[in-house]
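Report on the following structure.
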Amino acid sequence: MNPALDTDVLIIGAGPTGLMLANQLARRGVRAMIIDRHPGPSLQTRALGVQARTLEIYAQLGIAGRAIELGRIGNGANLWANGRRMAQVPFGETGRGVTPYPYILILGQDDNERLMGERLRDWGAAVQWDTELVGLAQAPDHAAATLRQRDGTTRAIRAAWVAGCDGARSAVRELSGIGFPGAPYEHVFFVADTEVTGGMVPDEVNVYLWRRGFHLLFPMRGTDHWRIVGILPEALNDRKDVGFDDVLPSVRGEAGAGFAFKKCTWFSTYRIHHRSASRFRDRRCFLLGDAAHIHSPVGAQGMNTGLQDAYNLGWKLALVSDGKADARLLDSYEEERIPVARRLLETTDRGFRLIVADNWLAGLLRTQVLARLASFAMGMELVRRFAFRTVSQVGIQYRKSTLSQSLVGLPEDAPRAGDRFPWLQLKMSAEGPVEDLFRKFDDQRFHLFVAGQPNPHVAVPDGLLQVHAIPSDPANVAELARSRVPGASFYLVRPDGHVGMCGVRLEAGALERYVAERLGIRSS
Ligand SMILES: Cc1cc2nc3c(=O)[nH]c(=O)nc-3n(C[C@H](O)[C@H](O)[C@H](O)COP(=O)(O)OP(=O)(O)OC[C@H]3O[C@@H](n4cnc5c(N)ncnc54)[C@H](O)[C@@H]3O)c2cc1C
């Protein structure tokens, strides 16, 4: 830590992304400062779907239990067209054994932010509200930020690193001269929080396709509470005072589920864009969350992707700020997260265009062909599993990253470097109980998983690595086979749960070289 600096990391923006990063740094003892130009936390629900991978991260942060208590579990998704249910994906069945959280948790963005804000206070940190970034300059060894405070005065801050978690109109991105190519969609969305009864499947997401658009219904906490997301009928696009009553005829007419509305507690319209920053980093400044990528809300991925940007960068910034790793470790943030964002943009854009294209042929395709195709595909276990892994984000991988090294000899279908290490239940000692590896592998260090070979001595700086030798046991053999982890293998798992290095036979020298050369970790 450089005493000439005011803080190691200056986080701009206290939305979900900034709060996640602040938590990850604070719990690792990094000196971080988080500011937001608003006077206090946002009270708007906005994003609503918390994916399984985010819940796994929340578990490490100690807030998963509270999130589940506050939210509502969405057990599956249903596709409707012309008043008929065409397809169903049962999340519970499909995700069982893949994650401890085989569902989508419906929990508003405001609640997510509140939980992370409370957790942040547990580490002795807090958001500085009413504080806006208005200027940014970079020097070789720090970034100089100008902050406008509540009383209108400005304050200069010197930080080793700046994290731009400041949303779609990011000042960090603009002041860094980073482009944000993409385009707006011509459609206007609406969101409505309603009390309604109808033919939708309770506790599941219901998607209604119609000739000129779609309606998504998410179950919310409370009796008959549903969030409806849809496209505003074109005739209403330019009206400023649109309310729920204006969209009711379209919802009633097109979803065809005999809805009986009791009330609408919140209604809002918004235009969306699909854009990705041309870079996620300019020297000492990083872009995360909506500041780096925005896309259609189809698939409920936006907030989750920002949270995972923060999770990816958090442990790396902590090691570098602590002087335990070279700054080049930070190069892997952009290398790993840009492909995730671009892939997400492509898939949500394709999905979105398919369900909003508004000529008669597209309408026919959507309600007849697409619905039938989905019905057929979702009948196949393999497709259902692929869909679950994609939407839940447990399938995100960094196989092409510089930090990923799979040694020769691993079977093709084994987990590889860059993958999220699978969720396993194993006996960790010959006479011991079966244990949940996700609980064993805390995210404050690296974990070395060694199966079918002697436990090696690996020279890695103190406290950074925990070695787990997996005893040979029939229950372990079966569990490893289920996840295609070879009986003789080793996996070095990074703090964020992704595999760094793996192979069949572990050689201490090769692992030490990986740690020094690829991760840039300094020997103590
Ligand atoms: C109506 C609506 C509905 C949505 N529904 C969904 C959904 O169903 N599913 C989904 O996944 N996503 C949805 N989204 C998108 C989701 O809300 C975003 O992806 C998410 O908020 C991104 O989080 P973030 O922390 O990156 O940015 P933000 O939440 O935008 O937070 C950025 C923060 O930075 C602060 N800030 C900005 N500039 C400065 C500055 N110069 N100085 C200091 N602070 C600054 C802002 O005040 C803000 O608090 C929706 C969005 C809207 C508007």
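The figures here come from the full heavy-atom set of this structure, side chains too, leaving out hydrogens, waters and symmetry mates. Both ligands and their constituent atoms are indexed starting at 1 by order of listing. All values reported here derive from a predicted model rather than from experimental measurement.
Only side-chain heavy atoms of Ile12 come within less than 4.0 Å of ligand 1; its backbone N, CA, C and O stay farther off. By the criterion of a heavy-atom distance under 4.0 Å, neither the backbone nor the side chain of Val229 is placed next to ligand 1.
Taking the six-membered ring where tryptophan is involved, the planes of Tyr333 and Phe286 are perpendicular, since the angle between them exceeds 60° and thus also 30°.
Applying the 6.0 Å contact sphere to CZ of Phe386 captures no more than 12 heavy atoms from other residues, nucleotides or ligands. Crowding of Arg279 atom CZ: a count of heavy atoms from other residues, nucleotides or ligands under 6.0 Å exceeding 12. The 12-atom threshold is exceeded at NZ of Lys262, counting heavy atoms of other residues, nucleotides or ligands nearer than 6.0 Å.
Looking at Arg494 and Trp315, their side chains come closer than 4.5 Å, going by heavy atoms from C-beta outward. Between Gln24 and Val30 the shortest side-chain heavy-atom distance does not fall below 4.5 Å.
Listed by number with element, the atoms of ligand 1 under 4.0 angstrom from any heavy atom of Glu132 are 40 (C), 41 (N), 42 (N), 43 (C). Counting the atoms of ligand 1 from 1 in the order shown, those under 4.0 Å from a heavy atom of Met303 are 11 (O), 19 (O). In summary, the atoms of ligand 1 found under 4.0 Å from a heavy atom of Gly13, numbered by their order in the structure, are 33 (C), 34 (O), 35 (C). Near Thr131, with a cut-off below 4.0 Å to any heavy atom, the atoms of ligand 1 are 43 (C). For ligand 1, the atoms sitting less than 4.0 Å from at least one non-hydrogen atom of Gln301 are 11 (O), numbered in the order shown with element in parentheses. Ligand-side atoms of ligand 1 in range of Gln109: 16 (C), 17 (O), 20 (C), 21 (O), 29 (O), range being under 4.0 angstrom from any heavy atom.
A salt bridge links Arg66 with Glu69: at least one charged nitrogen is closer than 4.0 Å to a carboxylate oxygen. Salt-bridge annotation for Arg239 and Asp246: present, with a side-chain N of the basic residue lying under 4.0 Å from a carboxylate O of the acidic one. Salt bridge status for Glu346 with Arg342: absent, with no side-chain N to carboxylate O gap under 4.0 Å.
Closest heavy-atom approach to atom 1 (C) of ligand 1 among the candidates Trp129, Tyr270, Phe189: Tyr270. For atom 23 (O) of ligand 1, the candidate residues are Ala171, Pro16, Gly289; the nearest heavy-atom contact is made by Pro16. With atom 33 (C) of ligand 1 as the reference point, the heavy atom nearest to it among Thr45, Asp36, Ile35 is part of Asp36.
The nearest heavy-atom contact from the protein to atom 44 (N) of ligand 1 is Arg37 N, 3.1 Å. Remark: minimum distance from atom 24 (P) of ligand 1 to any protein heavy atom is reached at Thr17 OG1, 3.3 Å. Closest to atom 30 (O) of ligand 1 among all protein heavy atoms lies Gly167 CA, 3.6 Å. For atom 12 (N) of ligand 1, the closest non-hydrogen atom of the protein is Ala47 CB, 3.4 Å. At the top of the distance list for atom 41 (N) of ligand 1, counting protein heavy atoms only, stands Leu133 O, 3.3 Å. Of the protein's heavy atoms, Gly15 CA, 3.6 Å lies nearest to atom 31 (O) of ligand 1. Arg46 NH2, 3.1 Å is the protein heavy atom nearest to atom 29 (O) of ligand 1. The closest protein non-hydrogen atom to atom 11 (O) of ligand 1 is Gly302 N, 2.9 Å.
For a threshold of 3.5 Å applied to N or O pairs, the pair formed by Leu288 and ligand 1 contains no separation below that value. By the 3.5 Å distance cut-off applied to N or O atoms, His38 is counted among the residues near ligand 1. The shortest N or O to N or O distance between Asp290 and ligand 1 is under 3.5 Å. Among the atoms of Ala14, none of the N or O lies under 3.5 angstrom from an N or O of ligand 1.
A donor and an acceptor atom, one from each side chain of Thr305 and Gln393, are located under 3.5 Å apart. In this model, no donor atom of one side chain and acceptor atom of the other lie less than 3.5 Å apart for Ser42 and Glu113. Between the side chains of Thr153 and Gln149, at least one donor N or O lies within less than 3.5 Å of an accepting N or O.
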Next item on the list: Report the C-alpha separation of Tyr101 and Arg53 in whole Å, then their side-chain angles, then the decisive distance to 0.1 Å, and conclude whether the side chain to side chain donor-acceptor pair (under 3.5 Å) test is met.
Entry: CA-CA 8 Å; Tyr101 311 100; Arg53 183 64 189 131; over 6 Å; no
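Look at Cys165 and you'll find a heavy atom under 4.0 Å from some atom of ligand 1. Not a single heavy atom of Ser268 sits less than 4.0 Å from an atom of ligand 1. Taking a 4.0 Å cut-off on heavy atoms, Val134 fails to register as neighbouring ligand 1.
Between the side chain of Gln109 and the backbone N or O of Ala47, at least one donor-acceptor pair lies under 3.5 Å.
Cation-pi geometry between Arg173 and Phe180 is met: the NZ or CZ atom falls under 6.0 Å from the ring centre, inside 45° of the normal.
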